[in-house]
S.K.: 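Sharing a structure with you now.
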Amino acid sequence: MSDNRQIKIFDTTLRDGEQSPGASMNLVEKLEIAQALIDLGVNVIEAGFPIASPGDFEAVQQIASNFRGAEICGLARSNERDIDRAWEALKGAHDPRIHVFLATSAIHREFKLKMSPDEIIERAVAGVKRAKGYCDNIEFSPEDAARTEIDFLCRVVEAVVDAGATTVNIPDTVGYATPEQMGKVIDSLVNRVPNMDKAVISVHCHNDLGLAVANSLAAIDNGAGQIECTINGIGERAGNASLEEVVMAIRTRNDAYKYETSINTQRLVPTSRLVSTVTGLHVQRNKAIVGRNAFAHEAGIHQDGMLKERSTYEIMRPEDVGFANTDLVLGKHSGRAALADRAKTLGFTLSGEQLQSVFIEFKKLADRKKDIYDGDIASLIEMEILGATEKEWALVSYNVDINFGQTPKISVTLSRGDEEKSVQLADGSGAIDAAFLAVEKITGIGLTCKEYSVRSTSLGHDAVGEVSLQAEYEGKTYRGRAATTDCVEASIIAILNATNRAIVANR
Ligand SMILES: [Zn+2]
C-alpha cells in the first residue's frame, strides 16, 4: 500500500455531460453508461437533476436502485421542492448523496438571484439542513465560486459545513480560473475556514480556456480531495475536466502528483467509446489519452526509436488505458462468446437477452459483409439496444427512383404497432430530402435537420454507413442514428429515430 492521498473521482457525465448541446440521452443509454462507470471504478456517479424533468427523475431513480459500488448523487437547487424531489429519486440507493447548489458570486447574487449576502447564507444553510434530514452524505456547491469574493466564500463554506455538508464543491462555473488562482482559493479555504477538516473539498472546473484539468490538479495540490469530471470532457459549452486526462496525469506523473485514484485505467478507452457512441459527440483524433492518434507515432525517427525501445517516445502504454492490441476482425463463423467479448472491449455490457438480439443482427450482417470490425459492432449494438428504445414508427420498406437532373420519386411504408401507412411523392432536392418529406407526411412530425453526416464504420466499400443527424422540433434538438450497408435506408431509420425521440419527449 502506498501512502499517497486518495482522490475521489466524481463523474458527472450523466448530468453536466448530458447538458452538452444535442447530447441528451434516453433511459436505456443512461443505464448502460452507469454500468460502464461502475466498471471503471468511479467513486461518485452524478446521475441527474431529478426536478428538471420526469425523464431525469426516472433515470436517477433507476440508477439509484440498480447500481452498487459507487455513491449515487442527484442535483438540487437550494430549495425544498428540489431537495425533496432529489431524495424521492435517490432514496432507493445503497449509498445516496444529495448535491445542493446555490450561486454565491456578486454577479449571480445581484442579477440572477437578487439576494443579499446574508440571505444567500441563510438559503444555503436551510438547503443543507433540509437535505441532511434525508441522508448524511451532502455535497454543497456555491455556484460560480471561483468568481466569488474569497471572504464571502469562506463564510458560506463555514456555514454549510456547520449545517452538515460533508463535501464542499468549488465550481469554476464559467471556466475563467487559472491554475494559480484555483490553487489559492483552495489554499485559503483550507487555512481560513475553521471547520474545513470536517468536509472534503471538491472542484468542478469548466474548460472554456482549456485549463479545466490543470485547474483540477492545482486544486488537489492545495488540499482538495475530490475532482468532478466527465468522460471525454463533455459538458456545458467547452465541457468539463476530462476524467481520463485527470486520472492518467496523476498516474503517469506520480512523482509530481502523489495521489491515487480508484480508476481501473484499462476501462478508459471502452468507456470513452461508449459515451461517444451514445451521445454522438465524436472524440477528436488527437485527444489526449483516448483519441485514435494518441499513441500513433508518425515521424520516422520516432518509429525507429519506438522499435528499439518503447520508452524513448512513449510515456504511457496504450494497453494501460484500454486500447486493444489488435483490431480483431469477426466474421460469419464467430460465436456469441467472441461477440460478447468484443462488446465488452467496446464499453458495452449486454444482458443475455440483449446479446441474443445483437447476435441475430450480427449474423445477418455477416451474410452481407465478410469482415466485421469494431465500428460495425458498436453500430449494431447502438441500433439494437440503445437507438431503438423509443418504439414508435419503424421502416417497413422504401423505394426511391432518382434520375440525374430530375426530382426524386419516393415511396415509403412505415409501421407503428399494428398500423401501417404508406406515402408516395415526387419532391425534394435529393433522396435524403425526399425521405425527410415522406417521413414527415406519414408521422405528422416536421423535423428541421440541423446536421447530417454519413461516415463509414470500418474499412472497404462494402462498409456499414453510419448516418447521424441532429434535428430540431419545437425548439429542442433530437439525435438520430442508424447504420446499415445502404445509406438511404440508414438515413430513413435515423430520421425515424429522431422523430420517435421527439414523439416520446413531447408526450
Ligand atoms: Zn458544470
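Every number for a ligand or one of its atoms is a count from 1 in the order of the listing. Side chains included, hydrogens not; waters and symmetry mates left out as well; all remaining heavy atoms used.
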S.K.: Less than 4.0 Å between a side-chain N and a carboxylate O, is that true for Lys198 and Asp162?
M.R.: no
S.K.: For distances below 2.8 Å, what is the count of protein N, O or S atoms around the Zn ion (ligand 1)?
M.R.: 3
S.K.: For His99 and Ser141, test the side chains for any donor-to-acceptor distance below 3.5 angstrom and give the result as yes or no.
M.R.: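 Yes, because at least one side-chain N or O of His99 sits under 3.5 Å from a partner of the opposite role on Ser141.
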S.K.: Who passes ring pair (Phe, Tyr, Trp, His ring centres under 6.0 Å) against Tyr134, sequence neighbours left out?
M.R.: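 Partners of Tyr134 by the ring pair (Phe, Tyr, Trp, His ring centres under 6.0 Å) criterion, ordered by chain and then number, come out as Trp87.
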S.K.: Run the side-chain donor-acceptor check on residues 269-276: report pairs under 3.5 Å with partners two or more places apart or on a different chain.
M.R.:
from	atom 1	to	atom 2	distance (Å)
Thr271	OG1	Arg267	O	2.5
Ser272	OG	Asn232	OD1	2.7
Ser276	OG	Leu281	O	3.4

S.K.: Could you tell me which residues satisfy ring pair (Phe, Tyr, Trp, His ring centres under 6.0 Å) with Tyr176, sequence neighbours excluded, listed by chain and number?
M.R.: none
S.K.: Tell me whether the guanidinium CZ or amine NZ of Arg109 lies under 6.0 angstrom from the six-membered ring centre of Phe152 and within 45° of its axis.
M.R.: yes
